[in-house]
Amino acid sequence: MSTQNCTHSIAITGSGGSGAITVGNMLLQQAAKNSLYGFMRRSVGPQIRGGESAALLRLSDQPVFCPDDRFDLLIAFDWRNADRFALEIPLDSQSLIITDPASGEIPEVIQQSGAKIIEVPLKKMASAVSGGRINMVAVGLLTALLKMPAEVATDIISSTLVKKGEEAIKSSLDCFETGFNYELPGKLPCPQLMAAEPGIRWNISGNEAAGLGALQGGVRFVAAYPITPATEVLEWLSPRIEKIGGTLLQAEDELASINMAIGASFGGTVSMTSTSGPGLSLMSEGIGLAVASEIPLIVVNVTRGGPSTGIPTKSEQSDLNIALNGLHGDAPHLVLAPQNITDCIDTTRWAVQLAEALQTPAIVLTDQFQGQSRCITPVPESPDLAMARKVAQPEKDKVFERYAITESGISPMAIPGTADCSYTADGLEHKPSGQPSSIATDHHDQLDKRQRKLDLFEFGEKWADIHGDGQLAIITWGSSTAAVLEAAQRLKFTGQTVKVISIRLLAPAQVDSLEKELIGVNRLLVVEQSHSRQFYHYLRAHYTLPDKVNVFAEPGPLAITPGTITHAVQLLKGELS
Amino acid sequence: MIKPESIEDLETFLALAYLLEIESSDRYTELADNMQVHNDPEVEQLFRKLSEYSGKHASEIIEHAEGMVLPNVASWDFEWQSPEGPETTAFEFVEYQITPVKVLQLALHNEIRGHDFYAHIAEQSPSEEIRKLATEFTDEESEHVELLKNWIAEMEQNKGNTRDDMDPPNMPE
Amino acid sequence: MTNLAKAKSYKSDIKPIWCPGCGDFAVLSALTKAFAFLDLAKQDLAVISGIGCSSRLPAYFSSYGFHGIHGRALPIASGLKLARPELTVIASGGDGDGFSIGGNHFIHACRRNLDMTYIVMDNEVYGMTKGQASPTTQPDWASSKLTPHGTGVRPFQPAAIALASGASFIARAFSGDPNGMTKLIIAAIQHPGFSFIQVLSPCPTFRPEQKLWKHQVEAFPHEPTDDPVKAATRLYTDDGMSSGLIFQSNYPTWNKPEVAQTSVKQFEEEFVV
């Protein structure tokens with residue numbers, strides 16, 4: 001077996017509740033049960049109900065966190081609004097399209113790919129079963145095509161539909177069987193995926209992962225205001241946080257949710273909120289208050305296409321600027337970015353811990369691509385937590401000073417209820433006691449202190465993930481990392497080595513650490529998903545970069561794929577020779 | 001609502017008298033602090049002095065009450081001729097441009113009210129003990145009234161009674 | 001010994017920056033008296049505010065406090081109360097902070113009915129920014145450079161809007177009647193739910209004509225009611241210049257649901273395929 005992944009990408013599309021997403025979910029579960037890995041995105045239209053939807057699935061014998069450059073297979077239940085997702089499902093002459101002749105003519109935009117077309121009478125097969133549905137026929141068809149065992153699939157169908165009753169289960173199993181036993185004509189380009197190491201697998205989305213990381217980190221108060229594509233973070237947390245003694249409240253707007261989180265954290269409870277670009281804009285003033293009043297909290301921002309309402313259901317890395325620089329005044333805070341779906345757990349947990357230890361807000365930048373995609377992953381490790389808020393206790397003959405100037409910049413924080421330590425937290429510049437002050441020295445002392453606590457803190461190895469070595473380095477962040485890493489793996493397979501640096505801790509900038517990693521690098525490729533090269537400008541602002549820097553910056557909503565990056569590297573090498 | 005003149009027990013009367021002096025003293029301190037913030041040390045000092053006097057009276061009442069257990073009274077349980085206790089200066093009477101003479105006039109106003117309050121009780125109280133004590137307090141208040149009148153006369157000779165604000169708060173920047 | 005002798009112990013060493021004669025002094029004084037009367041432990045008390053003259057209030061107490069950002073006193077106070085229900089939480093601020101920039105929070109805090117007290121010092125003007133019209137300013141007040149012809153807009157009706165939004169305790173107080181205000185504050189703190197007090201608090205600097213309020217404010221001419229229809233009728237025929245408890249009801253407060261407890265580890269199990 002080669003070091004390169006053996007993967008298979010499948011798109012399942014349909015409209016009007018045809019159940020395409022259910023098919024994707026069932027295949028993802030089968031992959032897990034069969035010791036495989038998988039990754040699934042959803043592409044949905046703007047309609048609340050009955051819109052076109054696509055499950056974009058990738059199965060693999062190794063963990064995968066990004067889509068491939070192309071799809072091996074498209075199974076379409078109908079062709080309504082196919083143009084909306086055609087660009088997201090690149091097909092070529094090696095691809096296969098399974099469609100029902102009853103669905104009418106295949107749209108030109110799909111046909112021009114030159115993919116091999118196989119007609120299967122899905123509707124007819126489903127209607128032969130009482131209460132039959134085409135999506136269950138498709139599950140059978142795909143299970144057989146992927147050479148996965150029928151028993152695993154039927155178990156999953158039975159347990160998934162348990163709430164729908166015996167009858168529904170029976171008709172679904174009958175449909176599955178019809179599909180499973182259907183004889184597809186000719187030899188089809190579909191490899192059998194080799195099972196990886198058996199073991200327990202998780203099926204998790206980035207939004208769920210961020211919620212879990214938050215709870216692991218100690219979050220016990222959440223103020224929520226719904227916004228696509230962050231709502232699932234809040235919806236996942238809501239029924240759970242109350243089971244561990246916490247509280248989640250739906251606020252009247254984002255201005256309220258950030259300030260409620262501030263109030264709760266002032267009260268000593270580890271607090272968070274979650275939002276997306278428009279909400280983050282509204283929260284900016286509150287985040288600045290948390291900086292000035294030294295209140296720890298986290299904001300999980302699931303980025304969507306911007307500016308303004310932009311493309312709520314699709315991804316982009318374009319909230320980087322506002323996360324880094326959106327606060328007025330000199331407002332040092334933390335910005336972190338998970339590098340894949342499972343890293344949403346670790347990075348969010350770390351963000352909570354850092355915010356608590358440093359008494360400052362942390363923005364966790366995920367995006368729609370990570371947040372709303374699911375993956376099959378080995379069970380993540382949950383390391384012990386060591387960081388906590390430095391809490392004040394009354395000291396004899398000493399007046400408590402909430403904002404005392406300390407060497408580390410971190411001052412003990414009194415929690416309401418503690419006698420002889422009361423103070424008024426203030427967003428006005430203040431003296432060490434908290435008393436408002438406009439005196440230059442007080443301002444300078446507090447600015448220095450708030451900066452110093454971030455500058456002196458030992459963040460350790462987790463500031464970035466470094467892979468490989470070489471004179472050519474690719475530097476990236478957040479959700480672009482998965483495609484970059486896969487590109488690096490492909491390049492390695494062809495004998496080309498690149499170093500990959502993916503920054504997890506974006507603010508405060510870890511200048512020394514990055515510059516150390518850039519020693520020996522003479523060519524840098526910056527990869528990001530934004531139109532205005534936000535990450536590139538951030539790098540230029542903070543770090544000394546090699547002389548030759550190229551930028552691969554593409555806006556959303558199309559995902560960055562490994563092939564586009566290997567292509568960019570080839571172009572760059574071509575220039576070199 | 002209780003009419004102060006209908007108080008029957010000495011403890012309640014003393015508790016109330018004490019409360020009125022404390023309230024008066026606290027208020028003078030609040031006003032002194034306020035004038036300090038507005039950089040008017042002369043008026044500030046005047047209010048501090050007045051606060052001190054009221055505080056001294058409060059201590060004297062505590063001396064009177066030696067050996068007694070005073071009840072927990074609140075001034076809003078009593079019916080007053082003024083919004084607060086008779087010797088408490090209303091915040092609204094103190095202006096940014098207040099002159100020292102005006103401050104003393106306010107204090108005089110308070111002392112006269114205090115005098116009338118005790119005089120009324122000295123006349124009306126059902127308790128002989130209270131009537132006796134109230135008479136004593138009335139005499140003390142009369143002394144204060146005289147003192148203040150002299151003070152004001154002295155001050156008026158030296159200073160005018162108005163001040164100009166050369167730097168009004170809503171000057172365009 | 002009277003509890004009220006301890007009133008000044010609820011004050012911090014920080015001296016108010018308010019102009020002499022400002023109505024807010026009486027609110028500060030009344031609050032300290034209410035705290036003393038109720039014998040509240042300083043460490044279990046938090047005063048929260050937004051921005052504005054009156055929002056400077058928290059720092060003047062020796063309790064815990066939060067001087068936040070413009071308009072957000074209620075969300076900060078709500079977050080604190082939700083996280084720490086055992087604390088006595090007082091939110092405070094002015095008419096601009098509470099009814100204009102923070103208006104949405106006002107409505108929803110009334111609806112949510114958390115057990116806390118909200119005191120708005122209403123002087124019908126923005127003082128901190130040197131005298132602009134606020135939501136409660138009369139339409140013909142033309143003394144601001146910003147609205148030289150007056151606002152021409154109907155004033156905001158705080159008590160009526162609180163009533164319509166579901167507040168369970170609505171009162172109006174007057175800083176010229178400190179004892180009456182203290183009594184209302186005590187009742188508000190004791191009320192189990194969201195208690196709202198609009199304090200008519202004159203601004204001697206930008207609204208010197210408000211000195212006349214002491215001749216205009218009268219007692220609210222009705223006994224308090226728990227009937228919102230009655231209260232609404234009374235509020236619509238009222239000139240906004242009367243003080244007293246207007247409405248008090250036992251609406252349910254927002255409460256954390258009682259659920260069986262588990263551990264984060266259990267949630268991890270849910271992801272196992």
Side-chain angles (χ1 to χ4, degrees), chain A residues 28-29 32-33 200-204 208 211-212 215-216 220-221 223 239-240 242-245 247 249 251-253 255-269 271 285-286 288-289 293 376 379 382 414 416-428 433-436, chain C residues 12-14 17 41-48 51 56 58-84 86-87 89 102 104-105 107-109 111-112 254 256-268 270-273:
Chain A
L28 204 60
Q29 286 186 62
K33 288 280 190 198
I200 299 170
R201 300 278 198 273
W202 278 18
N203 177 352
I204 192 167
E208 293 166 349
L212 177 62
L215 296 187
Q216 286 177 345
R220 293 297 179 269
F221 179 83
R240 289 171 181 83
E242 62 187 32
K243 291 185 185 153
I244 50 170
T247 303
L249 184 92
E252 55 270 27
D253 54 30
L255 305 168
S257 52
I258 188 72
N259 285 289
M260 283 182 180
I262 289 171
S265 182
F266 169 73
T269 303
S271 302
E285 192 192 13
L289 171 63
S293 57
I376 301 298
V379 177
S382 326
T418 313
D420 303 323
C421 287
S422 55
Y423 74 102
T424 294
D426 211 315
L428 273 175
S433 64
Q435 179 178 0
Chain C
S12 74
D13 297 336
I14 301 176
I17 57 159
K42 277 188 274 186
Q43 66 264 25
D44 298 329
L45 181 61
V47 184
I48 315 294
I51 293 296
R56 289 282 185 139
Y60 305 147
F61 292 104
S62 57
S63 66
Y64 283 86
F66 206 128
H67 181 212
I69 45 176
H70 199 25
R72 316 297 164 222
L74 284 170
I76 295 175
S78 303
L80 177 61
K81 185 69 190 181
L82 286 161
R84 298 288 304 280
E86 76 280 17
L87 300 176
V89 176
N104 195 32
H105 308 309
I107 291 170
H108 292 279
R111 280 182 59 215
R112 204 171 280 122
W254 190 93
K256 206 159 122 177
E258 296 277 330
V259 290
Q261 298 292 294
T262 175
S263 68
V264 179
K265 272 268 168 247
Q266 283 300 309
F267 306 146
E268 294 176 7
E270 294 172 21
F271 295 112
V272 173
V273 184

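Computed from a predicted structure; not experimentally measured. Chain letters run A, B, ... following the sequence lines, proteins first, then strands; residues in each count from 1.
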Legend entry - Donor-acceptor contact present, side-chain A/Gln216 to main-chain C/Lys265, <3.5 Å: no
Legend entry - A/Ala419: partners by side-chain contact (heavy atoms from CB on, under 4.5 Å), with sequence neighbours left out: C/Gln43
Inset, instruction - Enter the distance from A/Asp253:CG to C/His108:NE2 here, rounded to the nearest 0.5 Å. - result: 7.5 Å
Legend entry - Heavy-atom pairs under 4.5 Å with chain A, option from C/Lys42, C/His70, C/Gln266, C/Arg112 with the top count: C/Arg112
Inset, instruction - Work out which heavy atom in A/Lys243 is nearest to a heavy atom in C/Phe267; give both atom names and the distance. - result: CB-CZ, 4.1 Å
Legend entry - Donor-acceptor under 3.5 Å (C/Ser78 side chain, A/Met260 main chain): no
Legend entry - Min side-chain heavy-atom separation C/Phe61-A/Thr424 under 4.5 Å: no
Legend entry - Closest contact, heavy atoms only, C/Pro75 versus A/Asn259: CB-CB, 3.6 Å
Legend entry - Most contacts with chain C, counted as non-hydrogen pairs under 4.5 angstrom, among A/Leu249, A/Thr269, A/Leu215, A/Ile376: A/Leu249
Inset, instruction - Let me see the working for A/Leu255 and C/His105 under side-chain contact (heavy atoms from CB on, under 4.5 Å), right down to the final yes or no. - result: CA-CA 9 Å; A/Leu255 305 168; C/His105 308 309; 4.0 Å; yes
Inset, instruction - Identify which part of C/Thr262 has an atom lying under 4.5 Å from any heavy atom of chain A, answering side chain, backbone, both or neither. - result: both
Legend entry - A/Ala223 versus chain C, the contacting section by heavy-atom distance below 4.5 Å: neither
Legend entry - Side-chain touch C/Ile76/A/Leu289, heavy atoms, less than 4.5 angstrom: yes
Inset, instruction - Specify which of C/Ser12, C/Ala41, C/Gly65 makes the most heavy-atom pairs with chain A at under 4.5 Å. - result: C/Gly65
Legend entry - Beyond-backbone contact of C/Glu270 with A/Arg240, side-chain heavy atoms, under 4.5 angstrom: yes
Inset, instruction - Look at A/Ala32, A/Ser271, A/Cys421, A/Ala261 and state which one has the largest set of heavy-atom pairs under 4.5 Å with chain C. - result: A/Cys421
Legend entry - Partners meeting side chain to side chain donor-acceptor pair (under 3.5 Å) with A/Asn203 (sequence neighbours left out): A/Arg374
Legend entry - Segment of C/Ile69 engaging chain A (4.5 angstrom heavy-atom cut-off): both
Inset, instruction - Could you look at A/Tyr423 and say if it's the side chain, the backbone, both or neither that has a heavy atom under 4.5 Å from chain C? - result: both
Inset, instruction - Please round to the nearest 0.5 Å and tell me the distance separating atom CD1 of A/Ile262 and atom CG of C/Leu80. - result: 12.5 Å
Inset, instruction - Sort A/Pro436 into side chain, backbone, both or neither according to what part of it lies under 4.5 angstrom from a heavy atom of chain C. - result: side chain
Inset, instruction - Search all heavy atoms of C/Val259 against all heavy atoms of A/Glu242 and return the closest pair with its distance. - result: CG2-O, 3.1 Å
Legend entry - Min side-chain heavy-atom separation A/Leu428-C/Arg56 under 4.5 Å: yes
Inset, instruction - Supply the atom-to-atom distance A/Glu252 CD to C/Asn104 CG, rounded to the nearest 0.5 angstrom. - result: 5.5 Å
Legend entry - Under 4.5 Å from any heavy atom of chain A - which part of C/Glu258: neither
Legend entry - chain C contact via A/Thr418 - side chain, backbone, both or neither, heavy atoms under 4.5 Å: both
Inset, instruction - Go through A/Gly417, A/Pro416, A/Gly286, A/Gly427 and name the one with the most non-hydrogen pairs under 4.5 angstrom from chain C. - result: A/Pro416
Legend entry - Heavy-atom contact with chain A under 4.5 Å, split by part of C/Ala260: backbone
Inset, instruction - Tell me, for A/Ile200 versus chain C, whether the close heavy atoms (under 4.5 Å) come from the side chain, the backbone, both or neither. - result: side chain
Legend entry - Point-to-point distance, once rounded to the nearest 0.5 Å, from CG of C/Asp13 to OG of A/Ser433: 9.0 Å
Inset, instruction - Would you mind telling me which of C/Leu87, C/Ile107, C/Leu82 has the largest number of heavy-atom pairs within less than 4.5 Å of chain A? - result: C/Leu82
Legend entry - Closest non-hydrogen atom pair between C/Ser62 and A/Ser422, with its separation: O-OG, 2.5 Å
Inset, instruction - Look at the side chain of C/Arg84 and the backbone N and O of A/Gly267, then say whether any donor-acceptor pair between them is shorter than 3.5 Å. - result: yes
Legend entry - Closest-packed option against chain C by number of heavy-atom pairs under 4.5 Å, given A/Ala251, A/Gly245, A/Gly211: A/Gly245
Inset, instruction - State, to 0.1 Å, how close C/Phe66 and A/Ser293 come at their nearest heavy-atom pair, and which atoms those are. - result: CZ-OG, 3.5 Å
Legend entry - Audit row: A/Leu212, C/Val264, side-chain contact (heavy atoms from CB on, under 4.5 Å) steps and yes/no: CA-CA 8 Å; A/Leu212 177 62; C/Val264 179; 3.9 Å; yes
Inset, instruction - Please round to the nearest 0.5 Å and tell me the distance separating atom NZ of C/Lys81 and atom OG1 of A/Thr247. - result: 12.5 Å
Inset, instruction - Give, as side chain, backbone, both or neither, the part of C/Lys256 having an atom under 4.5 angstrom from any heavy atom of chain A. - result: side chain
Inset, instruction - Among A/Gln29, A/Arg220, A/Gln435, single out the residue with the greatest number of heavy-atom pairs under 4.5 Å to chain C. - result: A/Gln435
Legend entry - Taking every non-hydrogen atom, the tightest pair across C/Phe271 and A/Glu208: CE2-OE1, 3.2 Å
